[in-house]
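Index from 1, following the sequence. Read the numbers this way: they start at 1 and go in the same order the structure lists the ligands and their atoms.
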Amino acid sequence: MDLHHKETTSGEILPVVIIGNGPSGICLSYLLSGYTPYLSAEGCHPNPLLHSKLSERPHLSLLEQDLEYLCEGLEGRSSNPVAVLFDSLLLPDSDFGLDHTSPLEWRYEPERAVPHLVLGKGPPGGAWHAMEGSMLTLSLANWMELPGLKLKDWMRDKRRNVRNDRATPAEIASYYEHYVSKMNLEQNFACGTTVTAVTRESGQQDGSPPCWRVSGLQRRDGEILGDGCSVTEEVPFSLLAHNVVLATGTHDVPARLGVDGESLPFVCHSFWELEAAIARGELDQSSDPVLVVGAGLTAADAVLTAHHLNTSVCHAFRRSVTDPGLIFNQLPKLLYPEYHKVHQMMTQQQHQSDSSDRTQNLQPAPSSSSSSPSSYPGYLSFPCHRVAAFRPDQKCVLESDSGEQTVVRVSKALVLIGAHPNLSFLRDNGRSLGINRDEPISCRRNPIDVDPFTNMVLAADGPGMYAMGPLVGENFVRFLKGGALAIAGDLWKRRSGGEDAVTPDSRVDRRTDARVLDS
Ligand SMILES: *[C@@H]1O[C@H](CO)[C@@H](O)[C@H](O)[C@H]1NC(C)=O
Ligand SMILES: *[C@@H]1O[C@H](CO)[C@@H](O)[C@H](O)[C@H]1NC(C)=O
């Protein structure tokens with residue numbers, strides 16, 4: 001959709017603008033397009049209490065139900081109560097490996113549709129298109145799926161033999177893109193956009209109510225010139241909206257260590273720079289080691305990639321190999337054999353502090369705890385180590401918790417320690433919206449502070465700002481659908497409560513509202 005055109009021809013105030021077109025934005029768009037979940041007539045939920053609560057008002061859709069009431073007493077693997085509720089309704093008992101049928105039925109009720117726009121940088125699917133590495137994704141495939149289209153069925157159509165329940169990031173991205181067209185959501189999506197500012201507009205004297213202004217640039221492919229090149233121009237746009245939803249994810253800006261020399265050219269902060277170096281033929285078995293910093297899954301992908309090339313690897317990370325917080329200690333071994341292998345490498349081939357001279361040839365010390373010391377030649381792990389500095393002569397100074405230093409000469413250093421969202425379109429990068437106002441927003445440490453049952457941003461400049469997905473601390477697709485339910489439910493309740501452009505004091509109590517609708 002061409003936003004510049006939209007703005008100049010209408011000047012209308014849109015009910016909802018969603019910033020971000022990953023799974024969060026797609027799922028919310030589905031709910032706002034009139035697809036509505038109900039308890040089905042023969043629907044039965046394995047949790048008897050939840051089932052009896054749902055059966056109290058079976059004629060009401062989930063959007064109209066009192067979510068707080070339904071959530072009471074439920075427990076699950078997300079700290080977000082609505083996420084646990086919706087997950088347990090979509091995939092009952094899936095944590096126990098049971099394939100219980102969902103008690104929900106989806107009805108298409110176009111009269112409920114709320115006009116909305118979803119803005120995204122690339123094609124629908126968001127970060128999944130840029131997801132690094134080639135490893136199978138972390139979650140079971142059915143946990144990645146969105147309502148109404150079974151990922152398994154779709155994958156079965158795409159490839160002949162589905163070996164297991166997991167899919168690659170490329171398959172997931174392609175599934176999300178397909179989902180948007182199959183569900184007829186395309187007309188709500190504006191791609192190629194970069195949002196540069198979201199501000200609160202006060203109401204005008206002509207009676208127009210206060211609302212949000214969303215401004216940015218949209219990429220537009222121009223005409224093909226005589227030499228066959230096309231010119232891409234960036235056209236500014238500016239939209240008005242009663243409600244704005246922050247759904248950008250948190251993968252924009254790679255995290256940095258903040259140590260000396262981190263900007264030297266041999267230090268990289270993303271997996272694709274490793275792939276690019278491999279593609280240019282810069283790394284092989286005779287190269288100096290690659291230093292991988294970090295103990296997350298992207299770091300593990302980098303270790304495996306370099307190891308497959310027979311390039312030696314030094315792997316430094318802050319935690320100990322037995323730390324329960326380490327992701328490898330939380331993944332079932334059978335389901336994730338390749339990550340289990342990395343964990344084994346990390347455990348078996350630890351750098352011995354009394355043999356730092358050995359780091360140059362990367363042979364594990366004979367005293368290593370490994371039963372077969374040469375099982376992973378060319379790999380050495382440095383648990384409980386941090387990088388003290390990178391030096392211009394391509395040497396890295398690693399320091400252990402006890403203060404001992406080891407110097408390694410490397411061909412490349414890959415710092416893969418997570419990422420932050422880019423909220424530069426909000427005042428002070430959105431810091432004032434976080435649980436801790438003094439720190440940058442991040443998924444794990446400082447998510448945006450929202451009402452748990454509506455996902456309304458508590459410290460926003462005005463009403464009608466929502467946030468969902470990794471921005472509110474939810475990293476798994478499986479659980480971010482709960483945010484979509486909370487937001488769609490709140491929008492429905494506010495609309496039914498007679499609010500068009502909502503002001504803070506006109507927010508209706510949810511329980512009263514639900515009763516009004518019921519009578
Ligand atoms: C790495 O080394 C193994 C064993 O020497 C060899 O079989 C393999 O082909 C090598 N791989 C590459 C990419 O050079
Ligand atoms: C954040 O996004 C803005 C707008 O797209 C861009 O100009 C800026 O460089 C980005 N910041 C970082 C740190 O990537």
* Asked: Do Y339 and D301 have side-chain atoms, one donor and one acceptor, less than 3.5 Å apart?
  -> yes
* Can you check whether K121 has an N/O within less than 3.5 Å of an N/O in ligand 2? -> no
* Should the heavy atoms of other residues, nucleotides or ligands under 6.0 Å from CZ of R427 be counted, would the total exceed 12? -> no
* Asked: Which atoms of ligand 1 sit under 4.0 Å from any heavy atom of Q285?
  -> 14 (O)
* Asked: Any side-chain donor-acceptor pair under 3.5 Å between Y176 and N21?
  -> no
* Asked: For atom 10 (C) of ligand 1, is the nearest protein heavy atom closer than 4.0 Å?
  -> yes
* Kindly state if atom 2 (O) of ligand 1 has a protein heavy atom within a strict 4.0 Å cut-off, that is, under 4.0 Å? => yes
* **Atoms in ligand 1 flagged as close to H308, the criterion being non-hydrogen separation under 4.0 Å** => 11 (N), 13 (C)
* Other residues, nucleotides, ligands: >12 heavy atoms within 6.0 Å of R437 CZ -> yes
* Establish, from distance only, whether the side-chain atoms of R494 and T454 form a donor-acceptor pair under 3.5 Å. => no
* When you check the side-chain N and O atoms of E145 and Y179, is any donor under 3.5 Å from an acceptor? -> no
* Asked: Is the closest heavy-atom distance from T196 to ligand 2 below 4.0 Å?
  -> no
* Asked: Given L423, T194, N422, V253, which has its nearest heavy atom closest to atom 6 (C) of ligand 2?
  -> N422
* To do: Let me see the working for H116 and S29 under side-chain hydrogen bond (donor to acceptor under 3.5 Å, both in side chains), right down to the final yes or no.
  => CA-CA 7 Å; H116 63 278; S29 174; 2.8 Å; yes
* Asked: What residue and atom, counting heavy atoms only, is the protein's closest point to atom 12 (C) of ligand 1, and at what distance?
  -> N310 ND2, 3.3 Å
* To do: State whether any protein heavy atom lies less than 4.0 Å from atom 14 (O) of ligand 1.
  => yes
